[in-house]
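For reference, the structure discussed in these notes is given below.
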Amino acid sequence: MKVKVDIKLNNGNISKLVQAQKQAIEMTMEAVLSDIKTSAVTPKDTGELERSGFVDTSQLEKFIVSIIFDTPYARRLYWHPEYNFRTDKNVNAQGLWMQSYVDGEKRDFIKDTYMKFFKQLSKGLVK
């Protein structure tokens, strides 16, 4: 038995999917940052830490996007959940405020949000 297979790639659709992936990744990280802020989990005194949060898309071509909190004390507060954070301004203030997206109760948030955006941006190419 002989089988012959011809494969024809639709480069236009592939380009659309690659662009949709990049947009979906960026939109997903913006949604995560927004969720972090509305969940009131970052420690807050003056609000500078919360305001400093942004999505870094400098490596988007490699499909890498980061959420950065850019204050001199962000790293110290993030990695020390044992600190007694004030909760009068952000009721859920804590260290490791992004960890719940990795292995906690919000671990499906990124995957689900990405798939929603990717399907929407692929305009019917992904079901």
How long is the gap from [atom1] on [X] to [atom2] on [Y], to the nearest 0.5 Å?
| X | Y | atom1 | atom2 | result |
| --- | --- | --- | --- | --- |
| Ile25 | Thr113 | CD1 | OG1 | 13.0 Å |
| Glu30 | Ile67 | CD | CD1 | 8.0 Å |
| Leu60 | Glu26 | CG | CD | 6.0 Å |
| Asp45 | Glu50 | CG | CD | 12.0 Å |
| Asp108 | Lys106 | CG | NZ | 12.5 Å |
| Gln59 | Ser66 | CD | OG | 6.5 Å |

Validation row: [X], [Y] side chains within 4.5 angstrom (heavy atoms):
| X | Y | answer |
| --- | --- | --- |
| Gln99 | Tyr78 | yes |
| Arg51 | Thr71 | no |
| Tyr101 | Arg107 | no |
| Lys44 | Phe85 | no |
| Gln21 | Phe118 | yes |
| Val126 | Leu17 | yes |
| Thr87 | Asn92 | no |

When Leu77 is tested against each of Leu96, Leu49, Thr42 for side chain to side chain contact (heavy atoms under 4.5 Å, CB included), which residue passes? Leu49
Counting only heavy atoms not in Lys16, do more than 12 sit closer than 6.0 Å to its NZ atom? no
Looking only at side-chain N and O atoms, does Lys116 offer a donor or acceptor that is under 3.5 Å from a partner on Thr28? no
Only residue of Trp79, Trp97, Phe54 satisfying ring pair (Phe, Tyr, Trp, His ring centres under 6.0 Å) with Phe69 is Trp97
If every non-hydrogen atom of His80 is compared with every non-hydrogen atom of Arg76, which pair is closest and at what distance? CD2-O, 3.0 Å
